[in-house]
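To keep things clear, I will list the structure first and then write my remarks on it.
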Amino acid sequence: MSRLDVKTPSKVQAIVDQMYRNMERRIAASPPGLCPVDMALNFLSLCQAQTCGKCVPCRIGLAQLNAMLHDVLEGEPDPSILDRIESTARVIIRTADCAIGIDAAELVLMGLEGFKDDYEEHIYRHRCLGSLKNPVPCVALCPAGVDIPGYISLINEGRCEDAVRLIRKDNPLPAACAYICEHPCEARCRRNMVDDPLNIRALKRYAVDHAGNVPQPKCAAPTGKRVAVVGGGPGGLSAAYYLALMGHKVTIFERHKALGGMMRYGIPNYRLPRTVLDNEIKSILSLGIQVHRNVEIGTDITFDDLKKDYDCLYLSIGAQTDKKMGIEGEGSEGVMSAVQLLSAIGDEEEFDFTGKRVVVIGGGNVAMDVTRSAIRLGAENVSVVYRRRQSDMTAQPEEVEGAIAEGAEILSLEAPIRIETDENNRAVALWTQPQIIGEIDPRTGRPSPAVASVPEHRIPADIIIIAVGQGIKSSTFEQSGVKIQRGGTFLAESDTKLPDLDGVFAGGDCVTGPATVIRAIAAGKVAAANIDEYLGFHHEITSNVTVPAPVFKDLKARGRISISERDASERKNDFLCIECGYTDEEAHRESGRCLRCDHFGYGNFRGGRVEKW
């Protein structure tokens, strides 16, 4: 008999591996709106099955937690069970021998703190808050609530104009979002249970590229009400659009010479072509919206004057000031912020980085935008300095991969400490302190870096670009009575109203801090609805587009079709759009993968879609 055998995967193991993959896909596709207590129990059961069971906290404690959560869901427990769940979880966290048991107990504790109302609803009323809201995942995760299954089905039938009309019901900037949206709608796509989520943004891009000029709907009868919108970015444009459709007279006040906000002054042309943005803004303004450009509130016109002259105000000023790092040499020549560079590019000012060594500090999408812009401006080499790991970057993975493909170097786990200057106070190098990754930060879910026992690192540089975030220019509004929170953001309620300021609303980056275009659009939509109500009306926004009934011809698992890009060696030399868009065949094939959650399953249970708002 042989002492050892070569282990080869058996048929049984292959099936088990496939079961694991299927389970992972199911977890990835867990829709928002499910009972959080039930989800916590399922995760706890999974973790319990993965422990070795040698230590008492895991073997006995996790079983006790499991039983108590079962009791909350299916029994009639005493309210004191919540205290027992908490104390048991804390004991396991303190005494378990390994991270598996600790993590399982922390998960339960996190849920108890995060959705205690759901636990109490089960205990006191024997019902589930989660089951009362079980929406279509992609629609639920789109901040603006766009009817995604609806417009995908229209694309599948070749009705691109109708697809654009349907999108505009909830998002007046379909073209801009088709190019640059971060597509949160894909995160819980139920197609994950079969293969991969739909490429929703690529399908939207196909629709706007093939729809041609889609006329805007007619505005409602004039109401005689006047609304001022401060800020011509995505949030301000969205609010103005819907208010104009409702029949109100809208005027936008913009401090730049062109509208678009961070879509123009924060996103380069190679991601969002200026012609696309300009045409979309022109279409929105065709509703009769007036615009005053180059107007600074507090200098050219006061906040109080606006309140007197208009029936309502919507503040959507965005986050367009740079944040400082507070390191030595930050104010030297050759150091600029990402906001400065991207704003100048947005105003079509010329920059020439030919032969320059450029260092970018930051790890978000803005950092990637300035990195890839510097490459196109002729930089000899571009390095990105980030204090965490590359995998911890907040930038979209495809943006990081694109920057690397175009020649950028990612220097991770390097914390900037000072900027070296020459005798003329010009930056010549960035000094960094190497980091070592540490414990997970519970607030962000990312591991925190700490100083490594390694000497400081000198990175030669001619240009240093700081991309560590944006701030809000709020001092003028604070003097006029707008309440400012820590961090400089406006204090606004969930309906966008400002407390103690009658008729003043605010939304977008100035309330949430720097966020995405689609979130600003969503805030504008909410503000328009609530301003309309405040003014004494109840206008409804509809699309009058009939969504096709689902037709399934092929239910087999198939691969997701990625959008193609121009070759890196070609695209890095210009600011032309890097994406190529779908062909007719690709769009038809990808749109055919939609499972039509609006018609089947819980989507149908709730009526499928919101026809108007």
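For T489, the side-chain contact (heavy atoms from CB on, under 4.5 Å) partners at least two apart in sequence or on another chain are I472, Q485. R372 is linked by a salt bridge (Lys or Arg N to Asp or Glu O under 4.0 Å) to E399, E406, counting only residues two or more places apart in sequence or in another chain. Applying the side-chain hydrogen bond (donor to acceptor under 3.5 Å, both in side chains) test to N269 and every residue at least two apart in sequence or in another chain returns nothing. Remark: R560 pairs with E186 by the side-chain hydrogen bond (donor to acceptor under 3.5 Å, both in side chains) rule, at least two apart or across chains. Taking A240 as the reference, V229, V250, I252, I289 meet the side-chain contact (heavy atoms from CB on, under 4.5 Å) condition, with sequence neighbours excluded. Residues that satisfy the side-chain contact (heavy atoms from CB on, under 4.5 Å) test with P548, not counting sequence neighbours, are S153, L154, E157, R159. Under the side-chain hydrogen bond (donor to acceptor under 3.5 Å, both in side chains) criterion, K169 pairs with no residue at all, not counting sequence neighbours. Residues passing the side-chain contact (heavy atoms from CB on, under 4.5 Å) test with E533 are H538, sequence neighbours excluded. The salt bridge (Lys or Arg N to Asp or Glu O under 4.0 Å) test applied to D196 returns no partner, not counting sequence neighbours.
The side-chain heavy atoms of S543 and R168, taken from C-beta on, include no pair separated by under 4.5 Å. At least one side-chain heavy atom of L287 sits less than 4.5 Å from a side-chain heavy atom of L245. Counting heavy atoms from C-beta outward, P172 and S238 have side chains that approach closer than 4.5 Å. With contacts defined as side-chain heavy-atom distances shorter than 4.5 Å, the pair I531/L535 qualifies. Looking only at side-chain heavy atoms (C-beta outward), V400 and V384 stay at 4.5 Å or farther from each other. Contact check for T496 versus F490: no side-chain heavy atoms found under the 4.5 Å cut-off. Side-chain atoms of I518 and H183, non-hydrogen and from C-beta on, never get closer than 4.5 Å to each other. Contact annotation: the side chain of Q390 approaches that of I404 to within less than 4.5 Å [non-hydrogen atoms, C-beta and beyond].
Contact between A319 and M262 at its shortest, heavy atoms only, is O-SD, 4.0 Å. For the pair A207 and I155, the tightest heavy-atom approach, listed with the atom from each and the gap, is CB-CD1, 3.8 Å. Closest non-hydrogen pair, A40 versus F115, comes out as CB-CZ, 4.4 Å. The minimum heavy-atom distance between G363 and M393, with the atom names listed, is O-CB, 3.4 Å.
Rounding to the nearest 0.5 Å gives a distance of 5.5 Å between NZ of K204 and CG of N171. To the nearest 0.5 Å, atom OH of residue Y151 and atom CD1 of residue I167 are 5.0 Å apart. Considering NZ of K497 and OH of Y534, their distance stands at 8.5 Å, rounded to 0.5 Å. The CG atom of L141 lies 8.0 Å from the SG atom of C185; values are rounded to the nearest 0.5 Å. Atom CG of L315 and atom CZ of F253 lie 12.0 Å apart (nearest 0.5 Å). R205 CZ to I180 CD1: the interatomic distance, rounded to the nearest 0.5 Å, is 12.5 Å.
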* To do: Could you walk me through whether N42 and L46 pass the side chain to side chain contact (heavy atoms under 4.5 Å, CB included) test, one step at a time?
  => CA-CA 6 Å; N42 280 286; L46 179 62; over 6 Å; no

* Asked: Stepwise, does the side chain to side chain contact (heavy atoms under 4.5 Å, CB included) test hold for H599 with V547?
  -> CA-CA 11 Å; H599 185 85; V547 174; over 6 Å; no

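Using a distance-only test at 3.5 Å, with no hydrogens or angles considered, no donor-acceptor pair links the side chain of Y241 to the main chain of G236. Remark: the backbone N or O of V370 is not paired with any side-chain donor or acceptor of S373 at under 3.5 angstrom. Here the side chain of D598 pairs no donor or acceptor atom with the backbone of P149 at under 3.5 angstrom. The backbone N or O of D584 sits nowhere less than 3.5 Å from a side-chain atom of H588 that would complete a donor-acceptor pair. Side-chain N or O atoms of R191 include one that pairs as donor or acceptor with a backbone N or O of R593 at under 3.5 Å. With hydrogens and angles disregarded, a donor-acceptor distance shorter than 3.5 Å links the side chain of S45 to the backbone of L41. A donor-acceptor pair is defined here as one N or O able to donate and one able to accept, closer than 3.5 Å; such a pair exists between the side chain of N530 and the backbone of V526. Of the possible donor and acceptor atoms, none in the side chain of D532 sits under 3.5 Å from a partner among the backbone N and O of A528. Within the 3.5 Å criterion, the main-chain N or O of N199 finds a donor-acceptor partner in the side chain of E590. N573 places a side-chain N or O within donor-acceptor distance of the main-chain N or O of S569, the cut-off being under 3.5 Å.
Residues T542 and E611 have side chains that never bring a donor and an acceptor to within less than 3.5 angstrom of each other.
Electrostatic pairing of R589 and E586 does not count as a salt bridge here, judged by no charged N lying under 4.0 Å from a carboxylate O.
Here the options are I561, I563, I148, L198, the test is side chain to side chain contact (heavy atoms under 4.5 Å, CB included), and the partner is L203; only L198 passes. The side chain to side chain donor-acceptor pair (under 3.5 Å) with E579 is formed by just one residue from the set R201, R571, R271; it is R201. The side chain to side chain contact (heavy atoms under 4.5 Å, CB included) test with Y179 singles out one residue from L277, I267, L272, V517, and that residue is L272.
Listed by first then second residue, pairs satisfying salt bridge (charged side-chain N to carboxylate O under 4.0 Å, His left out) with a partner in residues 505-529 read D170-K525, not counting sequence neighbours. Residue pairs meeting the salt bridge (charged side-chain N to carboxylate O under 4.0 Å, His left out) criterion with at least one partner in residues 274-286, sequence neighbours excluded, are R264-D278. Within the structure, ring-ring contact (aromatic ring centres under 6.0 Å, His included) pairs that include any residue of residues 260-279 comprise H256-Y265 (at least two apart or interchain).
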